[in-house]
Every structure is written in C-alpha cells, then in structure tokens.
There are 2 protein chains.
Amino acid sequence: MRLLLVEDDNHVAAAVSAILTRHGFTVVHARSGDEALRALLPSPEKEQDPFGVVLLDLGLPDQDGYEVCGKIRKRTTTPVIMVTARSDVRSRIHGLNLGADDYIVKPYDTGELIARIHAVIRRPGAATGGAAPAETDLHLGAVHIDLPTRTVSVDGTAVSLTRKEFDLLALLAQRPGVVFRREQIISEVWRTSWEGTGRTLEVHVASLRAKLRMPALIETVRGVGYRLVAPA
Amino acid sequence: MRLLLVEDDNHVAAAVSAILTRHGFTVVHARSGDEALRALLPSPEKEQDPFGVVLLDLGLPDQDGYEVCGKIRKRTTTPVIMVTARSDVRSRIHGLNLGADDYIVKPYDTGELIARIHAVIRRPGAATGGAAPAETDLHLGAVHIDLPTRTVSVDGTAVSLTRKEFDLLALLAQRPGVVFRREQIISEVWRTSWEGTGRTLEVHVASLRAKLRMPALIETVRGVGYRLVAPA
DNA sequence: TGCCCTCTTGACGGGGTCCTCACCCATCGG
DNA sequence: CCGATGGGTGAGGACCCCGTCAAGAGGGCA
C-alpha cells in the first residue's frame with residue numbers, strides 16, 4: 001500500500017520512511033504542503049495507485065498544517081493521520097474536527113504508529129476511498145478498457161487477458177502516445193526493481209498484440225520502450 | 001445515532017452518557033462484556049437501528065476488555081473505541097491490533113472524546129446509522145439479498161449462510177462486475193490486517209458457491225481476487 | 001457437560017501463467 | 001556489404017495460485 005509522508009525534516013523523514021517500508025508500505029515523501037497536495041491529486045500525467053493513508057506532520061514551512069488537512073479532505077477521502085509535537089487538547093480537537101482520522105503526538109512509539117495506521121486503513125471505505133473519482137473507462141479507437149471490472153473489449157467483443165497483460169495494457173493506455181521506458185514498465189507492472197535478463201517484457205507485449213488483434217496499437221520505440229498509438 | 005457505552009461504574013456511565021446525549025447520541029448502557037455482546041448481536045425479535053459506535057471501557061468485572069473487543073470484531077463491523085486508564089504503549093498497541101478503531105486514555109478531555117468519535121464514524125461506509133439510506137435490497141438474477149435481516153434467497157427459496165459467508169457475498173454484491181482484490185476482501189470482511197497464509201478466503205468462497213448452487217456467480221480473477229458476474 | 005456449527009489451517013493436486021532459452025529478423029553504423 | 005545491437009517469436013518447463021478435502025480449535029446452545 002502506498003503511503004504519503006508529509007514531513008519537512010529530511011532526517012526524520014528518512015528514519016520514519018525506513019520503518020514504514022519495513023512494514024510493507026510504499027512510502028512517498030513530500031516536503032511541503034504544496035508538494036503533498038500535488039502528489040495526492042490525480043494528475044492526467046501519472047496515473048498511479050491512490051494513496052492508502054497520509055501521515056501529515058503539522059510543522060511545515062510553507063503553510064499551516066491544519067489548512068493542508070482541510071484541503072486534502074476537500075478533494076479526497078484518503079485517511080489522514082496528523083503527527084505533531086503539539087500535545088495540547090485544543091490542537092487535537094482542532095485537527096480531528098478538520099477531518100483527520102487520528103492524531104499522534106511526537107515523540108511516539110513506532111509500534112503504536114504502525115498499529116494506528118493499520119487501525120485507520122482497515123476502517124470500511126478506506127480501501128475503496130482512494131482519490132477523487134478517477135477515470136475508470138479508457139477508450140482507444142476500437143479498444144475499450146474498464147479498470148474496475150478489469151475487462152477489455154475490441155469492437156464490442158470481450159477479450160480475456162491475464163493479469164500481467166491487463167496491467168501492462170492499462171499502464172500504457174493511461175497515456176496514449178507517450179513512450180514508456182522499459183525499466184519504468186517493469187517497475188510499475190512487476191512492482192519490483194529487478195531488471196530482467198530475459199525476454200519477459202517482449203513476450204507479454206507480443207501476447208497483447210495477438211489478443212487485441214491490432215499489432216499496430218502497441219508501437220515499439222527502439223532502444224527506449226513502448227507506447228500506444230493515439231487514436232485519430 | 002445509537003452508541004453503546006460499555007462501562008461498569010454507574011456514576012461514570014451517567015456522566016459520560018449525559019455528555020454524549022447532549023451531543024446528539026442515543027446512548028445505550030451496558031455494564032458488562034456479556035451485556036454488551038448481547039446488545040450488539042442483532043436479534044430477530046427487536047428490529048432496531050444498529051449501533052454506530054461502541055465505547056468500550058477495559059476495566060470490566062466479568063471478562064477481559066480485550067477479549068470483548070475481539071468478540072465484537074468477530075461478529076460485527078461496528079467501530080470500537082477503547083477507553084481505559086492503562087496508558088502504556090503495550091496496551092495501546094494490543095488494543096488497536098485487536099481491531100479497535102481508536103484508543104483513548106483516561107482521564108480524557110470530553111471535547112477530544114467527541115472529536116474522536118466523530119472521526120471514527122465519519123468514515124464512508126461506517127454510516128450504518130443515520131446517514132445515507134444505503135441500498136438495503138440487492139437483486140442479482142435469481143439471487144436476492146436482504147441486508148437488514150441478513151437473509152438470502154435463490155429462486156425464492158431461502159438459503160442459510162454463516163456470518164462470514166454473508167459478509168463476503170454482501171461485499172461483492174455491492175458492486176457487481178467489479179473485481180475486489182484479495183487483500184481488500186480480507187480487510188473489509190475480516191476487519192483485521194492479518195495477511196493470512198491459509199486457505200481461509202478460498203474455503204468461504206467455495207462454500208458460498210455451493211450454497212447458492214450457482215458456481216459461476218462468483219468468478220475468480222487469477223492473481224487479483226474475485227467478482228460477481230453482472231446479471232444479463 | 002457434550003454436541004454442533006463455524007472458522008481456520010494445512011496438505012495435496014491440477015491447471016493456468018509466467019519466465020527462460022534459443023533462434024530469427026530488423027535496424028543501424030562502419 | 002557486414003557485423004553488432006536490440007527486439008520478435010515459438011516452445012517447454014517451472015512456478016504460482018487456486019480449489020478441494022480433511023482435521024482440529026473454539027464458541028454457542030441445550
């Protein structure tokens with residue numbers, strides 16, 4: 001699960017990040033409120049998994065942490081856990097009323113942090129309540145892709161794809177015309193930084209081209225990667 | 001919204017109850033773990049609104065408060081907030097890992113209590129009480145699901161499902177056709193972030209397929225999860 | 001207390017997916 | 001024209017994932 005860590009101190013961020021990574025989270029680090037908001041909002045460019053939870057430090061340089069929390073709540077339903085050194089009750093109530101799901105006071109026990117994160121993300125709706133209504137249907141000429149149901153059809157007839165095939169197609173289809181580099185595709189679809197020595201990627205591309213019966217749809221960019229040709 | 005207050009001390013209960021009532025909650029008071037569990041379980045006789053949240057004091061006479069929390073979590077998905085004088089980190093982590101949604105240490109500020117209650121019940125999906133009138137009946141071809149009474153019938157004949165079976169079916173039925181990931185199902189139905197190694201999920205799916213006499217209704221999406229096939 | 005229902009776990013097996021490997025072809029630079 | 005580089009292709013086998021079965025733990029109810 002992806003986690004957004006909002007923290008201006010790089011040393012603290014590195015330490016916390018290490019702990020969270022060890023517990024299975026993919027940590028994205030934002031150093032300011034602006035950066036956090038930009039990372040949260042689904043931009044047309046990068047279509048990634050939505051964040052499962054936000055760890056928001058209130059001591060930010062550019063803007064008030066409470067304000068950031070409010071803005072996050074206005075746009076998404078992603079759970080927010082406030083982290084701060086301010087221990088007074090007033091601040092806690094203020095934070096919670098702004099839409100925060102929990103409020104932890106520094107210094108905190110790392111075990112408790114993990115436990116509270118899990119408590120927040122297991123609440124019903126948290127799993128589905130990612131970012132704002134992202135695009136779920138993609139049309140590319142005759143090809144129609146439905147993300148939630150993981151179904152693909154060409155000219156109206158359904159096509160059965162395997163997991164890797166679908167993930168690969170979905171990735172490319174999010175930015176038609178844009179070239180994805182090989183290593184980028186590997187890391188997104190395979191979720192591992194292992195750079196294969198084999199022909200794995202090519203095999204899956206070939207399979208996709210065959211199943212979609214449109215070999216020209218996926219274009220090879222020699223020495224770089226692949227891209228989907230944008231429909232006219 | 002109805003709130004279940006589990007507290008053995010009558011004086012404390014009266015005081016807290018008054019505060020909560022003033023904030024718009026309908027408070028039901030249970031003096032022991034047994035009483036709490038009996039109040040929570042939906043009896044076929046009295047058809048009442050389900051509880052929106054449980055305030056669980058850990059200092060109970062009859063049984064361990066943690067145990068009670070575990071039992072509650074086993075049967076319902078109602079949010080639980082633990083309230084106790086035990087402030088050590090160990091207890092907090094233990095409580096949260098048992099499925100509690102929050103953990104407040106006595107003595108607490110009443111304003112913070114209210115804020116934390118609101119933070120817990122504000123989650124989308126947690127609104128079993130007064131909020132959005134969610135869909136209560138689901139029809140999928142020959143299968144009819146009634147959420148409030150937790151009854152399921154196929155072709156008009158009733159089918160007896162266990163708790164987990166019903167929760168699983170109800171989850172999938174909420175969005176026919178869309179694929180639910182395994183982890184998502186685990187976290188929603190089991191409400192615990194334990195990543196099981198066993199075959200638990202598959203066993204329940206198999207049981208459901210058999211009882212509904214429609215093996216094709218629940219479709220396996222290899223490497224991802226399951227989904228209900230949308231009716232034609 | 002004893003029985004039954006539910007849930008969990010583990011072993012086992014089958015079948016679908018994925019990766020590897022070898023070889024082929026296309027492109028590009030000299 | 002020729003070699004080097006990098007992608008395309010077609011098997012085959014390994015691995016992974018899921019379905020099934022059986023056994024056991026725990027709680028509920030009489």
How many Å lie between [atom1] on [X] and [atom2] on [N], as a whole number?
X: B:Leu168; N: C:dT6; atom1: CG; atom2: C1'; value: 15 Å
X: A:Glu202; N: C:dC23; atom1: CD; atom2: C1'; value: 14 Å
X: A:Phe166; N: C:dT17; atom1: CZ; atom2: C1'; value: 17 Å
X: A:Leu201; N: C:dC19; atom1: CG; atom2: P; value: 10 Å
X: A:Arg191; N: C:dC18; atom1: CZ; atom2: P; value: 16 Å

**OP:** Please report how far the helix from C:dT1-D:dA30 to C:dG30-D:dC1 bends, comparing the axis fitted to its first five pairs with the axis fitted to its last five, to the nearest 10 degrees.
**Re:**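 Roughly 30°, once rounded to the nearest ten degrees.
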Under 4.0 Å between a side-chain N or O of [X] and OP1 or OP2 of [N]?
X: B:His204; N: C:dT8; answer: yes
X: A:Trp190; N: C:dC18; answer: no
X: A:Thr162; N: C:dG16; answer: no

Subject >> Exercise: identify the closest heavy-atom pair between B:Phe51 and B:Thr78 >> reply: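 Shortest heavy-atom separation between B:Phe51 and B:Thr78 comes out as O-CG2, 3.5 Å.
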Subject >> Toward the 5' end of DNA chain C, by each residue's nearest nucleotide, A:Leu161 or A:Val203 >> reply: A:Leu161
**OP:** Would you please test B:Tyr103 and B:Leu58 for side-chain contact (heavy atoms from CB on, under 4.5 Å) and show each step?
**Re:** CA-CA 10 Å; B:Tyr103 191 107; B:Leu58 290 185; 4.1 Å; yes
Original post:
Going 5' to 3' along DNA chain D, which nucleotides are the first and last within contact of chain B (any atom under 4.0 Å from a heavy atom)?
Top reply: D:dC17 to D:dG28
Original post:
So which of A:Ile81, A:Thr76, A:Asp101, A:Leu40 actually passes side chain to side chain contact (heavy atoms under 4.5 Å, CB included) with A:Val54?
Top reply: A:Leu40
Restricting both atoms to N or O, compile the protein contacts to nucleotides 1-4 of chain C shorter than 3.5 Å, with distance only.
none

**OP:** Can you sort out the partners of B:Arg92 under salt bridge (Lys or Arg N to Asp or Glu O under 4.0 Å), two or more places apart, ordered by chain and number?
**Re:**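 With sequence neighbours excluded, B:Arg92 shows a salt bridge (Lys or Arg N to Asp or Glu O under 4.0 Å) to A:Glu112, given in chain and number order.
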By ring-ring contact (aromatic ring centres under 6.0 Å, His included), which residues pair with [X], not counting sequence neighbours?
X: B:His29; answer: none
X: B:Tyr226; answer: none
X: B:His139; answer: B:His144

Subject >> side chain to side chain donor-acceptor pair (under 3.5 Å) contacts in which one or both residues fall within residues 152-164 of chain A, not counting sequence neighbours >> reply: A:Thr162-A:Glu165
Original post:
Which comes earlier along DNA chain D counting from the 5' end, the contact point of A:Val205 or that of B:Val205, where each point is its nearest nucleotide?
Top reply: A:Val205
Subject >> Sorted by number, the residues of residues 218-227 of chain B with heavy-atom contact under 4.0 Å to DNA chain D >> reply: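 When residues 218-227 of chain B is checked for heavy atoms under 4.0 Å from DNA chain D, the hits, listed by number, are B:Thr220, B:Arg222, B:Gly223, B:Tyr226.
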Subject >> Salt-bridge contact B:Lys71-B:Asp34 (side-chain N to carboxylate O under 4.0 Å) >> reply: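 No, this pair does not count.
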**OP:** Run the salt-bridge test on B:Arg31 and B:Asp57 with the 4.0 Å N-O cut-off and return the result as yes or no.
**Re:** no
Subject >> Selected nucleotide, minimal atom distance to B:Thr200 side chain, candidates C:dT8, C:dA11, C:dC18 >> reply: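 The closest nucleotide is C:dT8.
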Validation: residues 212-221 of chain B side-chain donor-acceptor distances under 3.5 Å, sequence neighbours left out:
residue	atom	partner	partner atom	Å
B:Glu219	OE2	B:Arg227	NE	3.1
B:Glu219	OE2	B:Arg227	NH2	2.8
B:Thr220	OG1	B:Arg209	NH2	3.3

Original post:
Pairs in or reaching into residues 74-95 of chain B: which pass ring-ring contact (aromatic ring centres under 6.0 Å, His included), with residues at least two apart or in two chains?
Top reply: B:Tyr66-B:His94
**OP:** Any salt bridge (charged side-chain N to carboxylate O under 4.0 Å, His left out) involving residues 198-208 of chain A? Give me the pairs, sequence neighbours left out, ordered by first then second residue.
**Re:**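 Listed once each, the pairs are A:Arg182-A:Glu202, A:Arg199-A:Glu202.
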**OP:** Identify whether any heavy atom of B:Arg163 sits under 4.0 Å from a base atom; if not, whether one sits that close to sugar-phosphate; answer base, sugar-phosphate or nothing.
**Re:** sugar-phosphate
**OP:** Start with the C-alpha distance between A:Asp102 and B:Arg116, add both sets of side-chain angles, then the distance that settles salt bridge (Lys or Arg N to Asp or Glu O under 4.0 Å), and finish with yes or no.
**Re:** CA-CA 8 Å; A:Asp102 206 340; B:Arg116 286 196 179 267; 2.7 Å; yes
